[in-house]
Amino acid sequence: MPAGLQYQSLQRTVDGLARRITCAILLLSFPSAATSAPGAGAGQKPAVSNPATGIYPATKDHEPPAWFVDVADAAGIRMTDVNGGVKTKRYIIESTGSGVAILDYDNDGWPDIFFVNGTALDDSSQGISSKPTSHLFHNNHDGTFTDVTAHAGLLGTAWGQGVCVGDYDNDGYDDLYVTSYGKNRLYHNQGDGTFRELAEVAGVAGTGKEWGTGCAFVDYDRDGKLDLMVANYVHFNLADTPAPGQASYCIWKGVATFCGPRGLPSAPNTLYHNLGNGKFEDVSKTSGIQNTTGHHCFSVSTLDYDDDGWPDIYVACDSTPSQLYHNNHNGTFTDTAADAGVAFDEEGREQAGMGSTIGDYDGDGRLDIFKTNFSDDTSTMYRNNGNGTFSDLTFQSGVGVNPQDLGWGTMFMDIDNDGWPDLLVVNGHVYPEVDSGKLGSAYREQRIVYHNLGTGKFQDISKTSGPGITVPEPSRGIAIGDLWNDGRLEAVVNNMNDHPMVLVNLAKDANHWLGVRLVGVQSNRDGIGARVTMHAGERTWVDEVRSGSSYDSSSDLRLHFGLGQRSKVEWIEVRWPTGRSEVFEGGEADRFVTLREGSGRVKAQ
């Protein structure tokens, strides 16, 4: 075995042992864990003795709402996200990590997982004998996955950053767009289990000078074809970037660190219009996307925040105002973030925004925005007021209690199906020096679970939510989806310079749920941008199908609704991206329904 591979094998063994020892200590710290089924620790799942009980079944051994375990090893999810040096980061490109996507690339009804990967400035520094690549894992339907990267044609190496999913040519198979430091990549799904890279052909590779970060497919002009929004961070050149400590923007709390983003030239965002022939046109300038005061951008989240039937775009930016691009219905956008109240925090200060997620957390039928930020700050909760503006309710909602953490990926997800979307946040610092310098933070950080109390407030339940939450990691991207079609949402986390996590909630509850998959006909095939309104009992739920979001990641395109004790749904309304609304019959809960455009009852406008 080559020396590099020996090193990787030994390192993987050491990492696995360390993780299991850490989890054993944590399990002893929580009495309820001692009675859990064998294999319920981090990195494992309980054995399945009876398929009728489901894959990795939840048990009554854990108090609801949450007991998360990391099952990546048992599921066969084995890879390492390579992003620069491990013990030191000389350049900012080494610190931002990579995203992850959940998609059903082969249309077998079971979500698969795609991990973006980076690379290193010096391969020998990490014992790397072969170039790192992104990884595609196929869902085997039995709780395990198979790495099919080579067969799928996804072995290319790049300093990958983000990913978004969408069927840009409406052929019925979801495609992948991967952003990078350098040229971006468009992987067209061939429909036979393989992908073909077509970014240059399609006109979406970029110049190679922009450092692409977040992205989202979105049909902004409602013509039935998915367009593409790309956030960019900086124009980065190693030759022109000072070494740590050599400039005022290369010092943090008195310690020499890598430089940026302040002091580095920002790169404008990019919008590509889908021409419908496999090609896109760059409309960044003519659309108004570049007319903004916000720069150094990361995550992209789409939402129709004013409920006018046209998709708008929210972008979290680092150390500058965030952006809210309002759709003007004529192919142009206006950045209304400052007027809408989502550019700054409640005191008017710029924040170092990283990730973002969209959801109706208070059940008023309006989509709210949650954003993660740098350490020594808090995440931000923007409540939609219903009049085109938002209110910063960070502290009133209870999510302003973890200023020590540096947040990245985040998603609204109903962890216990009680009908109220909770929040999962993953964290990790950018400076390894915070440990040796004792700067009030930790490089590896725990994740956060905010449980929605249904009163407009959240409670931090992280400490009692299991080893999948409390074991510290340098986390970045996160995507959610029902990986085994059993009504429970899993979270997949991409950890920088480490192995990924697949988090499963083993706390059993008696609540019901409904999964909704949309198939567009006149609209784009995935129904991206569609608004779904569901009514059951006295409650109404609202969500939209979106590509991208979180931190440079993309979640399952199927919508998931927790129903609490409600076992039936009265009706479901879909406002398709074309603007036409249809009403569909509801029915029994605890299943997936597929709603095809044109098969519902048209709602009068």
Checklist entry - Is it true that the side chains of Thr213 and Thr179 contain a donor and an acceptor less than 3.5 Å apart? => result no
Checklist entry - Rounded to the nearest 0.5 Å, what separation is found between the CG atom of Leu424 and the CD1 atom of Ile469? => result 5.0 Å
Checklist entry - Taking atom OH of Tyr105 and atom CG of Leu154, what is their separation to the nearest 0.5 Å? => result 9.0 Å
Item to check | Rounded distance (nearest 0.5 Å) linking atom CG of Asp377 with atom CG of Leu406 | outcome: 10.0 Å
Checklist entry - Is there a donor-acceptor pair closer than 3.5 Å between any side-chain N or O of Glu445 and the backbone N or O of Gly428? => result yes
Checklist entry - Can you name the closest pair of heavy atoms from Ile113 and Phe115 and give their distance? => result CG2-CE1, 3.4 Å
Item to check | Any Phe258 side-chain heavy atom under 4.5 Å of Ser95 side chain | outcome: yes
Next on the checklist: Under a 3.5 Å threshold, yes or no: a donor from one side chain and an acceptor from the other, between Thr146 and Asn140?
Outcome noted: yes
Next on the checklist: Testing the 3.5 Å rule here: is there a donor-acceptor pair between the side chains of Thr96 and Gln161?
Outcome noted: yes
Checklist entry - Within 45 degrees of the axis of the six-membered ring of Phe592 and under 6.0 Å from its centre: does Arg517 put its NZ or CZ there? => result no
Item to check | Polar side-chain atom of Asp482 near backbone of Leu489 as donor-acceptor pair, under 3.5 Å | outcome: no
Checklist entry - Would a distance-only check, ignoring hydrogens and angles, find a side-chain to backbone donor-acceptor pair under 3.5 Å from Asp147 to Thr149? => result yes
Checklist entry - If you round to the nearest 0.5 Å, how far is SG of Cys164 from CG of Asp552? => result 9.5 Å
Checklist entry - Between Thr372 and Ser379, does a side chain to side chain donor-acceptor pair (under 3.5 Å) hold up when you go through it step by step? => result CA-CA 4 Å; Thr372 59; Ser379 295; 5.6 Å; no
Checklist entry - For residues Asp318 and Tyr233, is any side-chain donor paired with an opposing acceptor at under 3.5 Å? => result yes
Next on the checklist: Among residues at least two apart in sequence or on other chains, which ones pass side chain to side chain contact (heavy atoms under 4.5 Å, CB included) with Ala589?
Outcome noted: His512, Leu563
Next on the checklist: Is there a side-chain contact between Asn452 and Leu423 in this structure, where contact means two heavy atoms from C-beta onward sitting under 4.5 Å apart?
Outcome noted: no
Checklist outcome for this item: Sequence neighbours excluded, the answer for ring pair (Phe, Tyr, Trp, His ring centres under 6.0 Å) partners of His429 is Trp252, Phe374, Tyr431
Item to check | Sidechain N-carboxylate O distance under 4.0 Å for Arg444, Asp498 | outcome: yes
Checklist entry - Are Asn427 and Ser475 close enough, and set up right, to give a side chain to side chain donor-acceptor pair (under 3.5 Å), and what steps lead you there? => result CA-CA 5 Å; Asn427 306 294; Ser475 301; over 6 Å; no
Checklist entry - Asp526 versus Val545: any side-chain heavy-atom pair under 4.5 Å? => result no
Checklist entry - How many angstroms lie between CD in Glu473 and CE in Met496, if you round to the nearest 0.5 Å? => result 11.5 Å
Checklist entry - Taking the inter-plane angle between the rings of His138 and His141 on a 0 to 90° scale, is it parallel (under 30°), tilted (30 to 60°) or perpendicular (over 60°)? => result tilted
Checklist entry - Quick one: does Ile478's side chain get under 4.5 Å of Thr410's, heavy atoms only? => result no
Next on the checklist: Is it the case that the ring center of His188 lies less than 6.0 angstrom away from the ring center of Tyr173?
Outcome noted: no
Item to check | Output field: ring centroids Tyr56/Trp484 closer than 6.0 Å | outcome: yes
Next on the checklist: Between Glu197 (side chain only) and Ala199 (backbone N and O only), is there a donor and an acceptor less than 3.5 Å apart?
Outcome noted: yes
Next on the checklist: I'd like to know if the side chain of Glu490 reaches the main chain of Leu483, judged simply by a donor and an acceptor atom lying under 3.5 Å from each other, with no hydrogens or angles considered.
Outcome noted: yes
Checklist entry - Backbone N or O of Ile480 within a donor-acceptor pair of the Ser555 side chain at under 3.5 Å? => result yes
Checklist entry - Are the side chain of Asn505 and the backbone of Phe68 linked by a donor-acceptor contact shorter than 3.5 Å? => result no
Checklist entry - Is there side-chain contact between Leu559 and Glu544, with heavy atoms separated by less than 4.5 Å? => result no
Next on the checklist: Quick one about Tyr187 and Asp175 (side-chain donor to acceptor, distance below 3.5 Å, no hydrogens or angles considered), yes or no?
Outcome noted: no
Next on the checklist: Ignoring hydrogens, what is the shortest heavy-atom contact between Val116 and Gly162? Give both atom names and the distance.
Outcome noted: CG2-O, 3.9 Å
Checklist entry - Where do Asp590 and Trp513 land on the side-chain contact (heavy atoms from CB on, under 4.5 Å) test, with the steps shown first? => result CA-CA 5 Å; Asp590 303 325; Trp513 59 277; 3.2 Å; yes
Checklist entry - So, do Val493 and Val100 sit near enough that their side-chain heavy atoms are less than 4.5 Å apart? => result no
Checklist entry - Closest approach of Asn117 and Ser98, non-hydrogen atoms and distance? => result C-OG, 3.9 Å
Checklist entry - Using a distance-only test with no angle check, is there a side-chain donor-acceptor pair under 3.5 angstrom linking Arg558 and Asn485? => result yes
Item to check | Closest non-hydrogen atom pair, Ser547 against Ile528 | outcome: CB-CD1, 3.9 Å
Checklist entry - Do Asn83 and Trp159 have side-chain N/O donor and acceptor atoms under 3.5 Å apart? => result yes
Checklist entry - Roughly how far, to the nearest 0.5 Å, is the CG atom of Asp543 from the CD1 atom of Ile358? => result 9.5 Å
Item to check | Smallest separation among heavy atoms of Arg476 and Gly97, with atom names | outcome: CG-CA, 3.6 Å
Checklist entry - When you measure from the side chain of Asp167 to the backbone N and O of Gly172, does any donor-acceptor pair fall under 3.5 Å? => result yes
Item to check | Polar side chain donor-acceptor pair, Thr157 to Thr133, under 3.5 angstrom | outcome: no
Checklist entry - Between Lys89 and Asn497, do the side chains contain an N or O donor and an N or O acceptor separated by less than 3.5 Å? => result yes
Next on the checklist: Tell me every residue that passes side chain to side chain contact (heavy atoms under 4.5 Å, CB included) with Asn402, counting only those two or more places apart in sequence or in another chain.
Outcome noted: Gln404, Asp405, Ile448, Tyr450, Asp460
Item to check | Test of ring centre spacing under 6.0 Å for Phe298 and Tyr551 | outcome: yes
Item to check | Heavy-atom closest contact (Pro65 atom, Asp416 atom, distance) | outcome: CB-OD2, 3.3 Å
Item to check | Donor-acceptor under 3.5 Å (His62 side chain, Trp67 main chain) | outcome: no
Next on the checklist: Surrounding CZ of Arg591 (heavy atoms of other residues, nucleotides or ligands, distance under 6.0 Å), is the total greater than 12?
Outcome noted: yes
Next on the checklist: Please verify the inter-ring angle class for Phe412 with Phe458; under 30° counts as parallel, over 60° as perpendicular, anything in between as tilted.
Outcome noted: tilted
Checklist entry - Can you tell if the side chain of Ser550 reaches within under 4.5 Å of the side chain of Met411, non-hydrogen atoms only? => result yes
Checklist entry - Do Asn417 and His560 get their side chains close enough for a donor-acceptor pair, meaning under 3.5 Å? => result yes
Checklist entry - Does Phe137 reach the side chain of Asp112, with side-chain heavy atoms less than 4.5 Å apart? => result no
Checklist entry - Can you check whether Gln190's main-chain N or O pairs, donor with acceptor, with Thr194's side chain at less than 3.5 Å? => result no
